[in-house]
Amino acid sequence: MAGFSQGLENFPKKTWKNRLPIMEIEERTSMKRRDFLRTAAASVAVSGLSVTIGNANEENPSRWIFQGKEGKTVPQWGDPEVGHVTTYNPDFADKHLWIRKDNQLLAVYRTGQNQKYPYIYPLAGPKSMVSVTTESGQPWPHHRSMFFGLDRVNGGNYWQQGQKDGQILSQGLKLEEATTTKVVWTDSCLWKKPDADAIFEDQRRYTIDWRCDDYYIVDFEMKMTALTEVTVLKTNHGFFGVRVSPELAPNGGGVLVNSEGATGQKATEGKPAKWCAYYGKRFFNPAITEGVAVLCPPEKPFQNCPWFTRDYGNISPMPFNYNPGPWVFKPGEGLEGVYRTVVFAGTVQDVDLNALWKEIYGG
């Protein structure tokens, strides 16, 4: 993989090509719930890309930005959006990035301070525009769609349990680029327990690139840096992965397959692979088949990294579970890498996942 060590701002542009349709982005900033209920603006349909940076109150109504240029102030139309937002706590006062395609919701990056960690939900299928991931589901309801976290870190848990055990807190969500086919944003996060110093900081960069009506990609670049000595014990919980909608997983009638052609949890768990994917017929319309694949970085410690897979719908390349531990990071040390996720229509035969792996990782 080339480019990440040059810094987030210098990530190579050569992988972003063949872009097609239209997306809309909406970003909401912090406000108290009473202000949000009183003044939240409804989305308006526009042609092309639109960005809304919301800081809505009576003195400073939301500003609407079209095609990257500031537009006129618009009135606060519509019902309060708080009733349509999935959060841990309805009293949230946090910042989210909303991404739409053709005025249909494609994805939301959620950074609430009451959350365990930032995550993306939904990830809409390119045909149905219904999420291929689940925000929460049994038997492990703490799984959050597209996630990044970890437990057994300096005695804390940055993946499940309560906030007192540790949270990953967004410090600076920033929209970097928005075109008719691509959205790029960055965030910086601190890993900490309440009333304690942070132990990790991470810098992350997300890119959603709509390639065609059959698939789009989500690239997640991360760089973690230890702020103190950090010890990670062997664990199968968390790190990067997805929790899919039940009908895409084997337990719901879907298919789990890896790059080596192995299928199902028994054949894929603990096995190295370039990618793992789920796909299946959508329960609301069996005529539509959609899926999602996670691609594994090739560099150490992810090289030949065994996969954590579950027939109920959780996949994650997981070095902390299968490689010897404990892992100890001195101050200033850490990990960096890029994970690519592909959301597609059809089956794995309908999208060239090996080519998309080679495109970003080379080799």
Side-chain angles (χ1 to χ4, degrees), residues 86 115-125 130-153 157-161 168 218 220 232-283 289-297 301-302 304-323 325 337 339-344 347-348 351 353 357:
T86 302
Q115 298 172 187
K116 189 70 174 177
Y117 49 76
Y119 63 96
I120 295 178
Y121 175 81
L123 278 178
V130 176
S131 186
V132 297
T133 59
T134 180
E135 197 273 350
S136 179
Q138 295 297 335
W140 308 111
H142 58 277
H143 296 177
R144 302 288 172 182
S145 187
M146 176 181 280
F147 55 78
F148 181 65
L150 195 63
D151 76 352
R152 307 192 75 189
V153 182
N157 190 326
Y158 297 85
W159 164 238
Q160 59 180 337
Q161 300 178 5
I168 303 173
V218 184
F220 171 64
V232 181
L233 301 180
K234 179 180 178 180
T235 176
N236 63 0
H237 287 152
F239 219 50
F240 180 81
V242 298
R243 175 71 184 272
V244 300
S245 187
E247 76 272 20
L248 305 186
N251 285 358
V255 176
L256 164 61
V257 61
N258 69 12
S259 59
E260 310 309 302
T263 59
Q265 177 181 325
K266 186 175 181 180
T268 58
E269 184 185 5
K271 305 296 194 302
K274 289 183 178 179
W275 51 262
C276 279
Y278 292 103
Y279 65 87
K281 297 179 179 180
R282 303 312 306 267
F283 71 89
T289 297
E290 291 177 320
V292 59
V294 175
L295 283 55
C296 185
F302 310 103
N304 297 319
C305 178
W307 283 74
F308 181 83
T309 64
R310 286 294 183 263
D311 281 340
Y312 61 73
N314 188 359
I315 51 174
S316 176
M318 190 54 185
F320 298 102
N321 188 47
Y322 301 102
N323 294 342
Y339 289 97
R340 169 165 285 186
T341 300
V342 183
V343 185
F344 57 91
T347 73
V348 292
V351 59
L353 295 173
W357 187 95

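- In this structure, the side chains of F283 and P246 stay at 4.5 Å or more apart for every pair of heavy atoms.
- The two residues L248 and G291 make their nearest non-hydrogen contact at CD1-CA, 4.4 Å.
- Looking at S316, its side chain does come within 3.5 Å of a backbone N or O of F240 through a donor-acceptor pair.
- A salt bridge between E260 and K274 is absent, with no side-chain N of the basic residue lying under 4.0 Å from a carboxylate O of the acidic one.
- At least one side-chain heavy atom of V348 sits under 4.5 Å from a side-chain heavy atom of W275.
- Here CZ of F147 is found 6.5 Å from OH of Y117. Values are rounded to the nearest 0.5 Å.
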For the pair L150 and F320, evaluate side chain to side chain contact (heavy atoms under 4.5 Å, CB included) and give the outcome as yes or no after the intermediate values. CA-CA 9 Å; L150 195 63; F320 298 102; 3.8 Å; yes

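- Looking at every heavy atom in both residues, Y121 comes nearest to T133 through CE1-O, 3.4 Å.
- Each of T263, I315, N314 was evaluated against L256; a single residue qualifies, I315, per the side chain to side chain contact (heavy atoms under 4.5 Å, CB included) test.
- In plain terms, the two heavy atoms of I168 and G149 that are nearest each other are CD1-CA, 3.9 Å.
- A salt bridge does not link E247 with K281: none of the charged nitrogens is closer than 4.0 Å to a carboxylate oxygen.
- Note that OG of S131 and CZ of R282 are 7.0 Å apart. Values are rounded to the nearest 0.5 Å.
- Within the 3.5 Å criterion, the main-chain N or O of R340 finds no donor-acceptor partner in the side chain of W357.
- Looking only at atom types and distance, the side chain of E135 has a donor-acceptor partner in the side chain of Y119 under 3.5 Å away.
- Between the CZ atom in F148 and the CD1 atom in I120 there is a gap of 12.5 Å [rounded to 0.5 Å].
- Rounded to the nearest 0.5 angstrom, F239 CZ and D151 CG are separated by 12.5 Å.
- Distance check: T289 OG1 to Y279 OH gives 9.0 Å after rounding to the nearest 0.5 Å.
- With contacts defined as side-chain heavy-atom distances shorter than 4.5 Å, the pair V132/Y278 does not qualify.
- Contact between A273 and C296 at its shortest, heavy atoms only, is O-CB, 3.8 Å.
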Report the C-alpha distance between Y312 and Q265 in whole Å, list the side-chain angles of each, state the deciding distance to 0.1 Å, and finish with yes or no for side chain to side chain contact (heavy atoms under 4.5 Å, CB included). CA-CA 9 Å; Y312 61 73; Q265 177 181 325; 5.6 Å; no

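- For D311 against A249, the heavy-atom pair with the smallest separation is O-CB, 3.2 Å.
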Going through the checks in order, is the side chain to side chain contact (heavy atoms under 4.5 Å, CB included) test met by V294 and W307? CA-CA 10 Å; V294 175; W307 283 74; 3.8 Å; yes

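- Atom CE of M146 is separated from atom CG of L123 by 5.0 Å, given to the nearest 0.5 angstrom.
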Test salt bridge (Lys or Arg N to Asp or Glu O under 4.0 Å) applied to R310 and E269, step by step: CA-CA 8 Å; R310 286 294 183 263; E269 184 185 5; 3.0 Å; yes

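- Shortest non-hydrogen contact noted between N258 and C276 is CB-SG, 3.6 Å.
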